[in-house]
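Notes follow the structure.
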2 protein chains.
Amino acid sequence: MNLSIAEENHIKSIYKLQEGDSVVTTNALAYELDTKPASVTDMAKKLKEKKLIEYEKYKGITLSPEGRKAALQIVRRHRLWECFLVDKLAFSWEEVHELAEELEHVRSEKLTNRLSEFLGNPVIDPHGDPIPDAHGKMAKPRPQTSLDQANARRLVVTAVTDQSTALLAFLNAKGIKLGTQLEIMAHYEYDNSIEIKVKQQPAITISEQVAKNIMVRPV
Amino acid sequence: MNLSIAEENHIKSIYKLQEGDSVVTTNALAYELDTKPASVTDMAKKLKEKKLIEYEKYKGITLSPEGRKAALQIVRRHRLWECFLVDKLAFSWEEVHELAEELEHVRSEKLTNRLSEFLGNPVIDPHGDPIPDAHGKMAKPRPQTSLDQANARRLVVTAVTDQSTALLAFLNAKGIKLGTQLEIMAHYEYDNSIEIKVKQQPAITISEQVAKNIMVRPV
DNA sequence: AATATTATTTAGACAAATCTAAATAAATAA
DNA sequence: TTATTTATTTAGATTTGTCTAAATAATATT
C-alpha cells in the first residue's frame with residue numbers, strides 16, 4: 001500500500017485521536033490536522049476506498065486493522081527519528097517534533113530497521129512515548145495520569161501529550177523534562193491551577209491547561 | 001525562499017547538467033527528471049519568476065546565483081545523508097542514492113549542520129563526490145577523467161557519475177568501489193570496450209557506456 | 001415535539017504539478 | 001534557400017489535496 005504524505009498524516013492523526021475504540025469525528029480530525037472538515041470528509045472517502053478506515057457518513061471514523069498497522073509504522077518512524085535527533089544530534093526535547101514530522105515520511109522498512117538498530121532498539125522516545133517494533137508491537141505504557149488528575153504528592157514526568165513548541169519550550173524553561181521528579185504543593189480550586197516544585201527550583205504555579213498535558217506516575 | 005520538492009528536484013538537476021557554464025536544454029532536463037518537456041517548460045517559468053534560473057524561451061536554462069546557492073544546499077544534504085547511511089547504518093554503496101533523494105528534502109539548516117558535525121564534517125560522499133560546506137563551498141574535485149579517456153595504466157576509482165542502481169550493483173558485483181585500484185589491460189577499438197583488472201579478480205571487459213561513468217585518476 | 005444550533009457533507013472552485021496533442025521556433029539537410 | 005526534422009512551447013485536460021459556501025443531518029434546547 002503506497003500512501004501519500006497527506007494520507008499518512010490523516011492515518012496518524014486518526015490513530016492519535018482514537019484512544020481505545022472511540023470513533024474520531026470529522027471536526028476533531030480537522031482541528032488536529034489544522035485543516036477544514038470538508039477536506040477531512042474528502043480524505044475519509046479515499047481512505048475508506050483503500051480500506052484503511054471504517055467510515056460511514058455522519059458516523060465518524062475508526063482505523064481498520066490495516067490502517068492501524070500503517071499508523072504504527074508511521075509512529076515507529078516518527079519516534080525513532082526523535083530518538084536519533086536527541087541522542088545522536090544533541091537536539092533538545094522540544095525541537096525534534098517538527099523535524100520528525102518530515103523524516104517520518106521516508107517509507108523504507110530497511111532504513112527504519114537499521115535506524116532502530118543503530119539507536120540500540122529503543123522502546124521509548126524522548127517524550128516518553130513507547131516505540132512500536134517492526135511488527136507494530138509496543139510496550140504497554142506504564143500507568144500514568146495527567147498532572148491535574150494525580151492524587152500522589154511525589155510524581156515523575158513520563159510523557160507530554162501536547163507536542164507544541166510553545167508548551168515544550170515552557171517546560172524546558174522550568175527545568176521539566178522526561179523523568180523529572182516533582183512535588184505537588186497545592187491545588188487551587190478557584191481556577192484548578194496547581195503549585196508544583198521541582199528540586200532545586202522555586203515552586204511554580206501552572207494552569208489546568210498545562211497540567212492536563214503533563215503525564216506523570218507516582219514515584 | 002521556500003521551495004517545493006518538485007522545484008528542488010528541478011534545481012538540483014539543472015545544477016547537475018550545467019557542467020561549467022553551458023545552458024541546460026528543456027529536453028535534457030526532461031530526460032534527467034523522467035518527465036516531459038512540456039512540464040519542464042512550465043516549471044522553468046515558475047523558477048524564473050522566483051529568480052532561481054535565467055531562462056528565455058527557446059534559449060535554455062542556467063542557474064542564477066541564488067539558484068546555484070539553493071542547489072548546493074540540496075546537494076549538501078543529499079551527500080551528507082549518503083554518508084550517514086553508509087557510515088552509520090551500514091548501507092552499501094548502491095542502495096543509498098534513492099533514500100538520500102527523499103531525505104535531502106528535509107530543509108533544516110540546523111539538522112544539516114548537526115548531521116555534518118555528527119559525521120565528522122566529511123568532504124566527500126560514498127561515491128567520491130565532494131560535499132559542499134554550510135556556505136556552499138566545496139573542495140575542488142581532484143583532476144579525474146572517465147575510464148574510457150584515461151591514458152595512464154594504473155588508476156584509482158574516484159567517483160561514479162551515473163548513480164543508477166543497475167550500474168552500482170554491477171560495479172559492486174565486480175568488486176569495484178571508491179578507491180578501488182585497477183589496471184587497464186587493453187582497449188578494443190572495434191567497440192571501444194576496455195579490458196580491466198582489479199587485484200585478485202579475473203580481468204573483465206566493460207563497455208564504453210560503463211567506462212564513461214567511472215571516474216578515475218592515475219595512481 | 002418543534003425549533004435552534006452544531007456537525008457533517010456536497011457542490012463547485014482553485015493551485016500545483018503533471019500530461020497529451022497541436023502549434024511554432026530552431027536546427028539540419030537537400 | 002527551401003524543406004524537413006527536431007526541439008520547444010502553448011493550450012487545454014487531469015490528479016491530488018485543499019478550500020468556501022450552501023445544503024443536509026444530527027444534536028441540543030425550549
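Throughout, a chain's letter reflects where its sequence line sits, starting with A, and its residues are numbered from 1.
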How many Å lie between [atom1] on [X] and [atom2] on [N], as a whole number?
| X | N | atom1 | atom2 | answer |
| --- | --- | --- | --- | --- |
| A:Glu7 | D:dT18 | CD | C1' | 14 Å |
| B:Asn2 | C:dA16 | CG | P | 13 Å |
| A:Tyr58 | C:dT10 | OH | P | 6 Å |
| B:Lys59 | C:dA26 | NZ | C1' | 11 Å |
| A:Glu56 | C:dT8 | CD | C1' | 14 Å |
| A:Lys57 | C:dT9 | NZ | C1' | 7 Å |
| A:Leu33 | D:dT18 | CG | C1' | 12 Å |
| A:Lys45 | D:dT18 | NZ | P | 15 Å |

Do any N or O atoms of the protein come closer than 3.5 Å to N or O atoms of nucleotides 11-13 of chain C, and which pairs are they?
none

When you look at CD of B:Glu195, are more than 12 heavy atoms from neighbouring residues, nucleotides or ligands closer to it than 6.0 Å?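 More than 12 within 6.0 Å, yes.
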
Atom CG of B:Asp191: over 12 foreign heavy atoms under 6.0 Å: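 Count over threshold, so yes.
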
Tell me whether the side-chain N/O atoms of [X] come closer than 4.0 Å to OP1 or OP2 in [N].
| X | N | result |
| --- | --- | --- |
| B:Tyr55 | D:dT9 | yes |
| B:Thr25 | D:dA7 | no |
| A:Asn27 | C:dT6 | no |
| A:Thr41 | C:dT10 | no |
| B:Thr26 | D:dT9 | yes |
| A:Ser39 | D:dT18 | no |

How about [X] and [Y]: does a side-chain donor come under 3.5 Å of a side-chain acceptor?
| X | Y | result |
| --- | --- | --- |
| A:Ser92 | A:Glu95 | yes |
| A:Gln144 | A:Thr158 | yes |
| A:Thr62 | A:Gln18 | no |

Quick one: which of C:dT20, D:dC19, D:dA7 gets closest to the side chain of B:Lys36?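 Nucleotide nearest to B:Lys36's side chain: C:dT20.
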
When you look at B:Phe91 and B:Phe84, which way does the ring pair (Phe, Tyr, Trp, His ring centres under 6.0 Å) test go after all the steps? CA-CA 9 Å; B:Phe91 275 87; B:Phe84 171 71; 8.9 Å; no

G-U wobble or Watson-Crick pairing nucleotide for D:dT6 (cut-off 3.5 Å, both distances): C:dA25

Salt bridge A:Glu66-A:Lys50, side-chain N to carboxylate O under 4.0 Å: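 Not counted as a salt bridge, because no side-chain N and carboxylate O are separated by less than 4.0 Å.
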
